[in-house]
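Bear in mind that the values here come from a model prediction, so they are computed numbers and not experimental data.
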Amino acid sequence: AMMPSVPTATSTDRATGAFMRGDLAGAIRLHVSNQVTAADDAAAVVGAYAWTGRMEEAHAVDAAFRRRFIADPAYLAMARCWLAIGWCHAGRVKRARQLLRDGDEPRDRDSFYWLYPMAFVAYFRGRIQRSARWGRRALHAAVVSENRFGQLLANDLLAHAAHLLGRRSLANRLLTHASSLAVDLQLPSTYHNLQCNRALFAVTDAPGDPVARQALAQHARAEGLHYFSKRHALSVLAMAHALVGEQAIAADYLREATEISVGHDARGDIRVECGRGVVAAVSGDRAAAD
């Protein structure tokens, strides 16, 4: 069953809540209207800019907040974590690694906010087993510190790693854990994204399954789906329909994926280009496929 649509941030909301719900635009609006005063909200605003691909703005906002929260290790750790993830999505994994290694601010290497971005960087470098090891440590840290949002994120990343390692049942169990946390934390948008991930796994494993394709198509158009998940879902649908000979439908999905453009999303661009190549190859257009 699908949860209700994601609510948007209001004037009485906090940026942290908007960020956790996936209402990144809402978190940014709260910053623009000067309603951010706490360290965790400030880090959430930095994350909102970074996770929408607006990396230059994210670093500018972080620089401003650092002057206010320079003595607050919680702000420094959270902001660094969200920025590193943003750089990974932007295709700048070296920049993410540099961000984690450089600087004079203190690092708690047993903290979720250190372990999780390390797992994320390893995942984007293609070091999936290493990512899983870091991810398990991040999950343990989140459990110990009772950081339930962190537990959700770690379970989601571990599910992706497990799927790439061929451990499909484990991947689905981890997504189930993450989805339960999303329900408990009342994060409907995140719940939608986790269900979309489950459908993505199913189509990736069996592109010829019409039931799996239909389920993914429904999730791809669900209200509140995050930008990254939507673009990924549309690209996978394009490839799946091309592989079963439905070229017109594949082209429509590919066109829709191409039209989505927000900030830096190198990984999304690669997925779209992969979809374009598959559609071209199946159509017999070898030049375009190359």
TODO: Return yes if a side-chain donor-acceptor contact under 3.5 Å exists between Y113 and N147, otherwise no.
DONE: yes

With sequence neighbours left out, the residues meeting side chain to side chain contact (heavy atoms under 4.5 Å, CB included) with D205 are H163, R168

Do D41 side-chain atoms and R14 backbone N/O form a donor-acceptor pair below 3.5 Å? no

Check your understanding: Does the side chain of S131 pick up a donor-acceptor pair with the side chain of R125 at under 3.5 Å?
Key -> no

Rounded to the nearest 0.5 angstrom, the CD1-CG distance for I249 and L254 is 13.5 Å

Group every Ile, Leu, Val, Met, Phe, Trp and Tyr by side-chain heavy-atom contacts under 4.5 Å, then state whether F112 and W51 land in the same group.
yes

Using modelled atom types only, decide if a donor and an acceptor are shared between the side chain of D23 and the backbone of F19 within a distance under 3.5 Å.
-> no

Here the gap from D110 atom CG to S145 atom OG, rounded to the nearest 0.5 Å, amounts to 11.0 Å

The reported gap from CE in M20 to CG in D40 (rounded to nearest 0.5 angstrom) is 10.0 Å

query = Mind checking whether L158 and F149 sit in one hydrophobic cluster, side chains of I, L, V, M, F, W, Y counted as touching below 4.5 Å?
reply = no

For E57, the salt bridge (charged side-chain N to carboxylate O under 4.0 Å, His left out) test, sequence neighbours excluded, returns R54

Taken to the nearest 0.5 Å, the spacing of L153 CG from T190 OG1 works out to 8.0 Å

**Prompt:** Do L157 and L165 share a hydrophobic cluster (ILVMFWY, side-chain heavy atoms under 4.5 Å, transitive)?
**Reply:** yes

Interatomic distance, CG@L83 vs CG@L99, rounded to 0.5 Å, equals 5.5 Å

May I ask you to decide if M55's main-chain N or O and H59's side chain share a donor-acceptor pair within less than 3.5 Å? no

- Inspect the contact between R221 and E256 and indicate whether a charged nitrogen and a carboxylate oxygen are less than 4.0 angstrom apart. yes

Task: D62 and R80 ion-paired at < 4.0 Å - done: no

Note to self: With clusters defined by side-chain heavy atoms of hydrophobic residues (ILVMFWY) lying less than 4.5 Å apart, directly or transitively, does I128 cluster with L174?
What the structure shows: no

Query raised in the report: With side chains defined as the heavy atoms from C-beta onward, is the minimum distance between P207 and M239 less than 4.5 Å?
Result: no

Those residues at least two apart in sequence (or on a different chain) that pass side chain to side chain contact (heavy atoms under 4.5 Å, CB included) with A215 are none

Exercise. Would you say L152 and L24 are hydrophobically clustered, going by side-chain heavy atoms of ILVMFWY under 4.5 Å?
Worked result: yes

Distance col, row L200:CG vs S229:OG, nearest 0.5 angstrom, shows 7.5 Å

